[in-house]
Amino acid sequence: MTEDYKAEEKKSLNFLEEIVEADLAAGKYKTIMTRFPPEPNGYLHIGHASSICLNFGLSLKYGGGTNLRFDDTNPVTEDTEYVEGIKKDIQWLGFEWANELYASDYFEQLYTYAVTLIEKGLAYVDDSTSEEIAEQKGTPTQPGRRNIYADRTVAENLQLFEAMRNGQYQDGEKVLRARIDMSSPNMIMRDPILYRIKHAHHHRTGDQWSIYPMYDFAHGQSDSIEHITHSICTMEFVPHREVYNWLIEKLEIYPSRQYEFARRNLSHTLTSKRKLLQLVTEKYVSGWDDPRMPTIAGLRRRGYTPESIRDYCERIGVGKRDNLIDAGVLEFCAREHLNKIALRRMVVFDPLKVVITNYEGAGEWLASENNPEDPDGGTRNISFSKELFIEREDFMEDAPKKYFRLAPGKQVRLKSAYIIQCDEVIKDADGQITQLNCSYFPNSKSGEDTSGIHVKGTLHWVNARDCFPVQVREYDRLFTVEDPGNAEGNFTDYINEHSLKVVENALAEAALKEAGVNERFQFLRKGYFTLDPDSTPEQLIFNRTVTLKDSWAKAK
RNA sequence: UGAUCCAUGGUGUAACGGUAGCACUACUGAUUUUGGUUCAGUCAGUUAAGGUUCGAAUCCUUAUGGAUCAACCA
């Protein structure tokens with residue numbers, strides 16, 4: 001893991017690495033400290049993965065550490081359940097945090113900071129309603145104005161703030177505000193709210209507090225307490241940087257610095273928590289870990305490997321402009337890794353019976369490589385006999401000349417077995433093809449072929465005698481448009497109705513009976529698959545991670 | 001239309017005043033017992049107009065386009 005990040009020296013740096021290297025070169029720091037600060041109110045998704053790779057990647061590359069800090073300052077939306085999910089996802093991605101921390105651990109310290117601000121005359125208790133505050137805030141083109149509460153004395157503010165803490169007021173009755181600049185062109189600087197009253201049960205501090213700090217008064221201070229050197233966040237926090245720095249300066253605390261990057265968007269999906277939640281609650285998907293979801297849990301169930309996700313994050317880089325990364329990049333990363341590690345197996349999705357009319361004897365065992373990309377992958381035994389199944393789409397009665405598969409009178413190789421020739425097509429009363437009678441060439445056996453026959457096509461197949469039915473779930477992109485979140489109308493209008501196709505009785509080769517939960521397979525000529533946790537010993541279920549590239553499908 | 005941020009092939013990202021490169025995609029061709037993989041190649045880009053300079057994607061100005069900001073969310 002560490003090697004991954006240190007090995008690549010020649011590569012050009014992204015702008016964050018440049019900042020870090022400049023700081024290191026200037027002797028500003030010996031090592032760096034970053035943090036990943038999720039709010040425990042939802043599941044992590046592919047966008048978070050970028051942030052995780054960025055933060056952990058930086059400290060791995062330059063030395064130092066990355067804290068996992070839960071930004072749990074809003075008790076009404078947060079829950080311990082999410083904490084566990086988030087931890088699992090980060091670990092699964094392959095990262096280790098230096099410390100597991102919570103903004104709520106700092107509530108007492110934060111309170112003290114607030115008192116300091118009040119004492120300095122830089123914060124005051126405001127009794128206005130939120131509507132009044134919004135109204136007094138002005139507009140981007142017009143400055144805001146202070147109200148009478150801003151004139152309260154330090155002593156009064158101190159007493160009132162303490163009373164707020166003691167629960168003497170109702171929710172919304174009062175807030176603590178920073179006294180900065182009501183005419184700043186930056187709306188965030190117009191006396192931002194630091195604390196609000198919420199008589200709510202917190203997942204960690206229980207009912208201990210009735211006031212909770214706002215993001216602006218928790219995040220930067222938490223960074224500072226942890227001596228975070230580089231606090232990396234997304235572009236929407238750019239205007240908050242001014243407050244971030246103002247508070248550090250006034251409080252005279254450790255000067256963490258904030259840097260912003262553009263959130264990375266993936267095409268054909270969404271990363272809005274609200275919309276993701278809607279997909280779940282309105283049953284467009286089966287849950288947060290539905291294999292079509294862009295959540296880490298969904299990607300994991302879909303069969304993506306941590307390596308492929310890290311590779312994706314590395315490849316797409318990081319910048320400051322808006323972007324929409326083609327889903328094909330993520331798919332490429334999956335194929336790239338899976339090709340190297342997936343065990344090759346044969347599964348026939350839509351079976352067509354083949355009888356080898358000139359095959360005598362009970363059958364035989366043939367060896368087939370587990371992975372041609374892995375010299376140490378070994379082989380497995382597959383059984384061959386007179387009756388087999390091939391894919392229905394691998395036969396055509398009237399085949400175009402570019403069709404390399406089976407057709408009347410044509411020859412193909414059965415993978416790891418023999419070359420066969422189609423002699424006779426058998427149909428039922430409706431004209432449906434029910435069986436192919438073929439002959440095989442005994443001297444064309446895989447690995448010892450002396451037949452001299454050259455075929456263009458090789459087919460996957462299973463032995464009728466020991467194959468067994470499995471369910472296959474063929475997943476595709478969840479949305480039909482590149483950017484459903486910004487498309488006209490409702491994003492649910494663009495859900496891909498064919499994003500899941502269930503194949504009930506695909507026939508799998510016997511070796512697949514031993515499939516394990518964390519194993520990845522390539523079903524020959526079909527794609528990459530992994531076992532779904534819904535599987536039972538009686539009914540194995542395989543999820544399609546991604547198809548193989550298919551240049552024939554395009555040519556058609 | 002106040003402020004802030006951003007602008008390089010279809011997509012993402014480099015080039016740090018000196019040959020516009022890499023990856024994905026697409027397309028050719030070769031190899032192949034997976035129409036997979038691998039290999040070789042092709043197409044394709046500096047938003048515009050001025051300015052500074054021997055030289056500008058890079059610095060300056062203006063324009064244009066996009067994004068963000070007025071939650072007791074983060």
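Below, chains carry the letters A, B, ... as their sequence lines are ordered, and counting in each starts from 1. Just so you know, these numbers come straight off a predicted model, no measurement behind them.
- Using bins of under 30°, 30° to 60° and over 60° for the plane-to-plane angle, the ring pair Trp461(A)/Phe384(A) lands in the perpendicular bin.
- Tyr418(A) comes within 4.0 angstrom of no nucleic acid atom, judged by non-hydrogen atoms across all strands.
- Using a 4.0 Å cut-off between a side-chain N of Lys or Arg and a carboxylate O of Asp or Glu, Glu242(A) and Arg190(A) do not qualify as a salt bridge.
- Here U31(B) sits opposite no nucleotide as a Watson-Crick or G-U wobble pair (both hydrogen-bonding atom distances under 3.5 Å).
- Between Lys554(A) and C27(B) there is a side-chain polar atom (N or O) within less than 4.0 angstrom of OP1 or OP2.
- Taking atom C1' on both nucleotides, G55(B) is separated from G17(B) by 8 Å, rounded to a whole Å.
- Side chain of Asp326(A) to main chain of Val329(A): no donor-acceptor pair is present (N/O by atom type, distance under 3.5 Å, no hydrogens or angles).
- What separates CZ of Arg525(A) from P of U33(B) is a distance of 15 Å, to the nearest Å.
- When both distances must be under 3.5 Å, the Watson-Crick or G-U wobble mate of C24(B) is G10(B).
- For Lys445(A), the salt bridge (charged side-chain N to carboxylate O under 4.0 Å, His left out) partners two or more places apart in sequence, or in a different chain, are Glu364(A).
- Salt-bridge formation is detected for the pair Glu474(A)/Arg544(A): a Lys NZ or Arg NE/NH1/NH2 atom is positioned less than 4.0 Å from an Asp or Glu carboxylate oxygen.
- Using a 4.0 Å heavy-atom criterion, one finds that Gly527(A) contacts no nucleic acid atom at all.
- Here Arg321(A) lies in heavy-atom contact (under 4.0 Å) with a base.
- Applying the 4.0 Å criterion to OP1 and OP2 of A3(B), one finds that Thr141(A) has every side-chain N and O outside that range.
- Between His202(A) and Tyr212(A), the ring-plane angle classifies as parallel under the 30° and 60° cut-offs.
- Contacts of Lys445(A) with the nucleic acid, taken as non-hydrogen atoms under 4.0 Å apart, include base atoms.
- Residue Lys456(A) places none of its side-chain N or O atoms closer than 4.0 Å to OP1 or OP2 of U32(B).
- U47(B) and U11(B): their P atoms are spaced 12 Å apart (whole Å).
- Counting non-hydrogen atoms under 4.0 angstrom, Val455(A) reaches nothing in the nucleic acid.
- Among the atoms of the strands shown, none is found under 4.0 Å from any heavy atom of Asn186(A).
- Between the P atoms of A57(B) and G9(B), the separation comes to 15 Å (whole Å).
- U33(B) sits 27 Å from G41(B) when the C1' atoms are compared, rounded to a whole Å.
- Looking at heavy-atom distances under 4.0 Å, Leu524(A) makes contact with a base.
- Along RNA chain B, the nucleotide closest to Met235(A) and the one closest to Lys549(A) are compared, and the more 5′ of them pairs with Met235(A).
- Within 4.0 Å of Arg335(A), counting heavy atoms only, lies no atom of the nucleic acid at all.
- Within the nucleic acid shown, Arg405(A) comes within 4.0 Å of at least one base atom, counting heavy atoms only.
- A salt bridge links Glu331(A) with Arg477(A); the closest basic N to acidic carboxylate O contact falls under 4.0 Å.
- When Arg257(A), Arg35(A), Arg241(A) are each tested for a side-chain contact (heavy atoms from CB on, under 4.5 Å) with Ser231(A), only one passes: Arg35(A).
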Please list each protein N or O that sits under 3.5 Å from an N or O in nucleotides 70-74 of chain B, with the distance.
from   : atom 1 : to        : atom 2 : distance (Å)
C72(B) : N3     : Gly172(A) : O      : 3.4
C72(B) : N4     : Ser128(A) : O      : 3.0
C72(B) : N4     : Ser130(A) : N      : 3.4
C72(B) : N4     : Gly172(A) : O      : 2.9
C73(B) : OP2    : Arg196(A) : NE     : 3.0
C73(B) : OP2    : Arg196(A) : NH2    : 2.8
C73(B) : OP2    : Lys198(A) : NZ     : 3.2
C73(B) : O3'    : Arg196(A) : NH2    : 3.2
C73(B) : O2'    : Asn74(A)  : ND2    : 3.2
A74(B) : OP1    : Thr73(A)  : OG1    : 2.7
A74(B) : OP1    : Arg196(A) : NH1    : 3.4
A74(B) : OP1    : Arg196(A) : NH2    : 2.9
A74(B) : OP2    : Tyr215(A) : N      : 2.9
A74(B) : O3'    : Asp71(A)  : OD2    : 3.2
A74(B) : N6     : His240(A) : NE2    : 3.0

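- Ring pair Phe217(A)/Tyr113(A) is perpendicular by interplanar angle, where above 60° counts as perpendicular and below 30° as parallel.
- Looking at which nucleotide of RNA chain B each of Ser416(A) and Phe332(A) is closest to, the 5′-most match is held by Phe332(A).
- Residue Glu260(A) is classed as having no contact, given no heavy-atom separation below 4.0 Å to the nucleic acid.
- Shown here, U19(B) forms no base pair; nothing in the strands shown gives a Watson-Crick or G-U wobble contact with both key distances under 3.5 Å.
- Across the C1' atoms, U58(B) and A20(B) are found 11 Å apart, a figure rounded to whole Å.
- With hydrogens and angles ignored, a donor-acceptor pair closer than 3.5 Å exists between the side chain of Arg344(A) and the base of U34(B).
- In this structure, the CD1 atom of Ile382(A) is 16 Å from the P atom of U33(B), given to the nearest Å.
- With both ends at atom C1', the span from C22(B) to A44(B) equals 15 Å, rounded to whole Å.
- Residue-level contact check: Leu459(A) touches neither bases nor backbone, having no heavy atom under 4.0 Å from any strand.
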